[in-house]
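Here the structure comes first, spelled out in structure tokens, and everything after it is commentary.
Bear in mind the structure is a predicted one, so any value in this text is a computation, not a measurement. Values below: every heavy atom of this structure, side chains too, minus hydrogens, waters and symmetry copies.
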Amino acid sequence: MKVSSAKVSKESKGHGGHHKNSLHSKRWSHHSILPLQLADQLDQWSSVTVDMYNNHHQPQTSHTSTSRSSDYSAGGGDNGEPSGTGNKWASRLLKECARAISDKDSSKIHHLLWMLNELASPYGDCDQKLASYFLQALFCKATESGQRCIKTLISVAEKSHSFESARKLILKFQEVSPWTTFGHVAANGAILEALDGEPKLHIIDISNTLCTQWPTLLEALATRNDDTPHLKLTVVVTANIVSSVMKEISQRMEKFARLMGVPFEFNVISGLNHLGELTKEALGVLEDEAVAVNCIGALRRVAVEKRPALIQMFRSLGPKVVTVVEEEADFSSTRYDFVKCFEDCLRFYTCYFEMLEECFTATSNEKLMLERECSRGIVRVLACDDDQDNEGECERRERGSQWSERLKEAFSPVGFSDDVADDVKALLKRYRSGWALAQPHQNETGLYLTWKEEAVVWVSAWKP
């Protein structure tokens, strides 16, 4: 485990002084926790936009695959059922193959894998893409090669990774879809309200969005009517891909904090194989600090059996608030039933791929990269045994209701205020129609982001 840190002293806050008088009350302005538009973020992070790919990485559509999939969807499947115009043929074939693997029907497995291979393409329509990525997982499951495939996928991703490409990808995704900004806005609102009036703040950030959540929170802190608080931000890194860019992020965060006039300390905890190795001592929490723990897509990366211990460790920190954002899917309770787990995995990624298809242009390189990122998660969930997966991460998502039951063992839920809900609603108005804010069902907590009436992301806040 490695800990690195950097500080911005209070004496260097001259550049941000003009923000101090922008509000006359202690409350932050209604717009202050909304993320900046993409152009504004690019400008404030002071970086040069770079291409995501060189010309030789541009997708070349497979005409053979496209025509064959069209023939299949127009003429029906191998069981003679008409499927209409692209009527989810991939879902039907993939589910058939998953059942064949579960039944150990080798002849049917070979037939369906061959058929899917003929129809699939990562550059085709939504059905072809789903067929392509799930075919990879089904093949690995059938041949027991999931671990080897994961290592290869991680190695390829690391070789093509850079700070500029990762930052641009995240910001572009945030520009066209609220998938991540929904959680950022709601969590920031809960954190600001929980830490209101505290002079020394310590936010422990466990996420994978390269600190894009924090510029708006820093700006909100700078507008407090009382003395600007000291902020310590501790970022916990487990993925090797992300840890390689943390030095660049540290420098940019320090520069932005100096611009905003916020006394700032930035710490990075890296070298962890998985979050289960994180300890209270490593986080360096001091007695006079008001602590917030921010988990964005983090808890699902912890082995299911180790989740209660990590949640109890969070409680031992004595936080003012714990914010949790997770995608709405259940790959956990069904992990020993391959067919059921496969069906929920396919449901979740079908919704995700269809969302990407509508939010991005057809030739978007960013869309292609986001789709490729899904390949590791799909293979890990469907083709790797949890007790054999030593590559660090887990992908066992749980639904909001399941996380609520876990978190209630150590914390009490904190409802989101009307101001925070209004901020989230204002955020969603920036995007295309189809997105909505949904309240939880009875005996549940948190807020849900829905895409075409399907719950996709859940956010919640908790206190000891």
Side-chain angles (χ1 to χ4, degrees), residues 27-38 41 170-171 173-194 207 209 212-214 216-217 220 292 294-300 321-330 347-348 350-360 397-405 407-408 411-463:
R27 281 290 307 168
W28 297 278
S29 61
H30 180 71
H31 69 275
S32 64
I33 62 172
L34 290 180
L36 300 167
Q37 297 286 11
L38 175 65
Q41 290 211 34
I170 289 172
L171 293 181
F173 189 29
Q174 292 175 354
E175 179 190 28
V176 302
S177 166
W179 195 279
T180 57
T181 52
F182 164 78
H184 288 180
V185 169
N188 278 356
I191 290 170
L192 286 168
E193 290 181 349
S207 64
T209 51
T212 54
Q213 177 177 351
W214 304 121
T216 49
L217 184 134
N294 182 67
C295 301
I296 307 286
L299 296 184
R300 68 169 179 261
V321 67
V322 175
T323 50
V324 176
V325 181
E326 287 291 341
E327 293 166 341
E328 183 71 357
D330 179 11
R347 177 204 63 79
F348 172 78
T350 298
C351 181
Y352 184 73
F353 273 54
E354 288 176 349
M355 177 274 297
L356 293 179
E357 200 73 22
E358 291 201 26
C359 291
F360 285 93
R397 289 168 174 80
E398 294 186 291
R399 294 183 180 274
S401 57
Q402 295 168 292
W403 288 120
S404 292
E405 290 302 311
L407 290 158
K408 284 177 182 176
F411 298 99
S412 299
V414 178
F416 289 96
S417 69
D418 290 341
D419 285 335
V420 175
D422 287 343
D423 277 323
V424 173
K425 292 174 183 176
L427 171 78
L428 298 185
K429 289 179 181 179
R430 292 182 175 183
Y431 299 97
R432 65 182 304 124
S433 61
W435 299 101
L437 174 67
Q439 297 293 330
H441 297 297
Q442 191 173 7
N443 300 323
E444 293 184 8
T445 188
L447 297 171
Y448 288 93
L449 173 68
T450 65
W451 166 249
K452 296 188 175 180
E453 300 183 355
E454 179 89 16
V456 292
V457 180
W458 173 74
V459 59
S460 62
W462 304 82
K463 64 180 180 182

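Using a 4.5 Å heavy-atom cutoff, the side chains of Leu437 and Leu449 are not in contact. Proximity of Thr445 to Pro440: side-chain heavy atoms (C-beta onward) are nowhere separated by under 4.5 Å. Contact annotation: the side chain of Ile170 never approaches that of Thr180 to less than 4.5 Å [non-hydrogen atoms, C-beta and beyond]. When side chains are defined from C-beta on, Val424 does not count as touching Asp422, because their heavy atoms never get closer than 4.5 Å. At least one side-chain heavy atom of Ile296 sits under 4.5 Å from a side-chain heavy atom of Asn294. The side-chain heavy atoms of Lys463 and Val321, taken from C-beta on, include no pair separated by under 4.5 Å. Side-chain contact between Val176 and Tyr431 is absent, with no heavy-atom pair separated by less than 4.5 Å. Using a 4.5 Å heavy-atom cutoff, the side chains of Ser404 and Trp462 are in contact.
Once rounded to the nearest 0.5 Å, the distance linking NE2 of His184 with CH2 of Trp214 reads 8.0 Å. In this structure, Arg399 CZ and Trp458 CH2 are separated by 13.0 Å, a value rounded to the nearest 0.5 Å. One finds the CG atom of Leu171 at 9.0 Å from the CD atom of Glu175 (value rounded to the nearest 0.5 Å).
Of all heavy-atom pairs between Val459 and Gly183, the closest is CG2-O, 4.4 Å. Nearest heavy-atom pair across Val420 and Ala190 is CG2-N, 4.3 Å.
In this structure, the side chain of Ser177 does not engage the main chain of Phe173 through any donor-acceptor pair within 3.5 Å. Judged by distance alone, with hydrogens and angles left aside, the side-chain atoms of Glu328 form a donor-acceptor pair with the main-chain N or O of Gly400 at under 3.5 Å. Proximity of a side-chain donor or acceptor of Thr212 to a complementary backbone N or O of Thr209 within less than 3.5 Å is detected. In this structure a side-chain-to-backbone donor-acceptor pair under 3.5 Å is missing from Asp423 to Gly189.
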Distance-only donor-acceptor hits, side chain of residues 450-457, under 3.5 Å, sequence neighbours excluded:
unit_1	atom_1	unit_2	atom_2	d
Thr450	OG1	Ala436	O	3.3
Lys452	NZ	Glu358	OE1	3.2
Lys452	NZ	Glu358	OE2	2.3
Glu454	OE2	Arg347	NH1	2.7

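Under the 3.5 Å distance criterion, with hydrogens and angles disregarded, no donor-acceptor pair is assigned to the side chains of Ser401 and Trp403. Using modelled atom types, one finds a donor on one side chain and an acceptor on the other under 3.5 Å when comparing Glu193 with Ser417.
With sequence neighbours excluded, the residues forming a salt bridge (charged side-chain N to carboxylate O under 4.0 Å, His left out) with Glu398 are Arg307, Arg406, listed by chain and number.
Ring orientation note: the planes of Trp179 and Trp435 are nearly perpendicular, at an angle over 60° on the 30°/60° scale.
Taking a cutoff of 4.0 Å between a charged side-chain nitrogen and a carboxylate oxygen, Glu326 and Arg397 do not qualify as a salt bridge.
For Lys408, the NZ atom counts as densely surrounded, since its 6.0 Å shell holds more than 12 non-hydrogen atoms of other residues, nucleotides or ligands.
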